[in-house]
Chemist: 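What follows is a single structure, and I will ask about it in a moment.
Residue numbers count from 1 along this sequence.
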Amino acid sequence: MSNWFYNKTYCTTKYTKTKNKIGQWIKGYSLDKSYPCDIQPIDEKAYKYTWGEDIKSNLQLFCNESLSIYDILVNDDKIYQIEKKISWDDYYIYAILESDVKIL
């Protein structure tokens with residue numbers, strides 16, 4: 001899908017382990033790279049024909065990058081986890097859920 005369609009961005013995350021000031025190891029997610037995307041609500045028709053009714057997500061993300069299910073993403077200071085993935089010819093659609101993961 002061409003980039004003119006993408007009017008938002010999301011950041012991927014990576015799981016890291018760092019030491020704090022007193023020498024304790026802190027594990028968690030940190031921001032990695034930023035990519036263009038589009039995020040749309042999932043309507044009733046999409047639940048029935050695209051996703052199936054077994055998902056909990058109410059948002060779908062369109063992008064060119066291949067991500068994995070359960071990856072953690074950040075968009076507009078909101079944190080999401082990928083619930084389901086659909087691969088099309090030249091782009092991907094992801095059902096995303098809000099997550100309570102903390103970003104370091």
Side-chain angles (χ1 to χ4, degrees):
M1 184 172 287
S2 127
N3 283 344
W4 66 266
F5 181 72
Y6 300 145
N7 59 359
K8 296 175 178 59
T9 59
Y10 71 92
C11 290
T12 56
T13 59
K14 58 183 175 181
Y15 192 73
T16 60
K17 189 168 80 168
T18 59
K19 274 190 180 181
N20 65 10
K21 293 179 184 178
I22 60 172
Q24 296 172 316
W25 285 102
I26 307 296
K27 298 176 186 177
Y29 291 91
S30 62
L31 295 178
D32 191 21
K33 297 180 182 177
S34 181
Y35 298 98
C37 71
D38 189 44
I39 298 176
Q40 300 286 328
I42 299 176
D43 62 10
E44 290 298 320
K45 185 177 178 182
Y47 278 118
K48 187 173 181 180
Y49 295 107
T50 305
W51 297 108
E53 296 187 16
D54 61 334
I55 66 166
K56 298 176 187 172
S57 301
N58 59 2
L59 292 173
Q60 53 192 347
L61 178 136
F62 299 82
C63 68
N64 293 342
E65 290 72 38
S66 179
L67 305 169
S68 299
I69 294 177
Y70 306 118
D71 278 358
I72 302 295
L73 308 173
V74 179
N75 169 263
D76 288 340
D77 296 324
K78 291 185 182 176
I79 302 165
Y80 299 97
Q81 182 177 33
I82 296 174
E83 182 181 16
K84 199 167 182 181
K85 174 181 180 177
I86 295 176
S87 175
W88 291 99
D89 290 340
D90 59 348
Y91 67 97
Y92 299 89
I93 305 174
Y94 300 94
I96 56 175
L97 279 170
E98 282 197 47
S99 176
D100 59 357
V101 169
K102 302 289 184 217
I103 302 297
L104 300 175

Chemist: Please list all pairs meeting side chain to side chain donor-acceptor pair (under 3.5 Å) that have one or both residues in residues 67-78, counting only residues at least two apart or in different chains.
Modeler: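 Of all non-adjacent pairs touching residues 67-78, none passes side chain to side chain donor-acceptor pair (under 3.5 Å).
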Chemist: Minimum heavy-atom separation for Tyr47 and Ile42, please, with both atom names.
Modeler: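 Smallest interatomic distance, heavy atoms only, reads CE1-O, 3.6 Å.
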Chemist: Between Lys14 and Ser30, is the side chain to side chain contact (heavy atoms under 4.5 Å, CB included) condition met? List the steps.
Modeler: CA-CA 6 Å; Lys14 58 183 175 181; Ser30 62; 3.8 Å; yes
Chemist: Just jot down the side chain to side chain donor-acceptor pair (under 3.5 Å) partners of Lys85, sequence neighbours excluded, or say none.
Modeler: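 Lys85 satisfies side chain to side chain donor-acceptor pair (under 3.5 Å) with Ser66 once adjacent residues are dropped.
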Chemist: Output side-chain donor-acceptor pairs under 3.5 Å for residues 93-104, partner residues at least two apart or in another chain, one line each.
Modeler:
unit_1	atom_1	unit_2	atom_2	d
Tyr94	OH	Glu65	O	2.8
Tyr94	OH	Leu67	N	2.7
Ser99	OG	Val101	N	3.3

Chemist: With side chains defined as the heavy atoms from C-beta onward, is the minimum distance between Thr12 and Leu73 less than 4.5 Å?
Modeler: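 They are in contact (side-chain heavy atoms under 4.5 Å apart), so the answer is yes.
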Chemist: Could you check if a side-chain atom of Asp90 sits within less than 4.5 angstrom of a side-chain atom of Asn64, using non-hydrogen atoms only?
Modeler: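 Sidechains of Asn64 and Asp90: no contact.
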Chemist: Other members of the hydrophobic cluster containing Ile22, with the 4.5 Å side-chain heavy-atom rule, please.
Modeler: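 Reading the cluster by chain and number, Ile22 sits alone, since nothing else belongs.
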Chemist: Please list, chain by chain and in numerical order, all residues satisfying side chain to side chain donor-acceptor pair (under 3.5 Å) with Asp89, sequence neighbours excluded.
Modeler: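 By the side chain to side chain donor-acceptor pair (under 3.5 Å) rule, Asp89 matches no residue at all.
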Chemist: Going by ring pair (Phe, Tyr, Trp, His ring centres under 6.0 Å), name the residues that satisfy it together with Tyr35, two or more places apart in sequence or in a different chain.
Modeler: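 Residues passing ring pair (Phe, Tyr, Trp, His ring centres under 6.0 Å) with Tyr35: Tyr10.
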Chemist: Is any side-chain heavy atom of Tyr91 closer than 4.5 Å to a side-chain heavy atom of Tyr6?
Modeler: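 Heavy-atom side-chain distance check passes, below 4.5 Å.
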Chemist: Ser57: what forms a side chain to side chain donor-acceptor pair (under 3.5 Å) with it, not counting sequence neighbours?
Modeler: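 Scan of Ser57 (side chain to side chain donor-acceptor pair (under 3.5 Å), adjacent residues dropped) gives Glu83.
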Chemist: Does Tyr29 have any ring pair (Phe, Tyr, Trp, His ring centres under 6.0 Å) partners at least two apart in sequence or in another chain, and if so, which?
Modeler: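 Partners of Tyr29 under the ring pair (Phe, Tyr, Trp, His ring centres under 6.0 Å) test: Tyr15.
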Chemist: With sequence neighbours excluded, tell me which residues meet side-chain contact (heavy atoms from CB on, under 4.5 Å) with Lys45.
Modeler: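 Counting only residues at least two positions away or on another chain, Lys45 forms a side-chain contact (heavy atoms from CB on, under 4.5 Å) with Asp43, Tyr49.
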Chemist: According to side-chain contact (heavy atoms from CB on, under 4.5 Å), who are the partners of Lys17, at least two apart in sequence or on a separate chain?
Modeler: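 Expected list: Trp25, Lys27.
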Chemist: Could I get the full list of side chain to side chain donor-acceptor pair (under 3.5 Å) partners for Gln24, not counting sequence neighbours?
Modeler: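 Counting only residues at least two positions away or on another chain, Gln24 forms a side chain to side chain donor-acceptor pair (under 3.5 Å) with Asn20.
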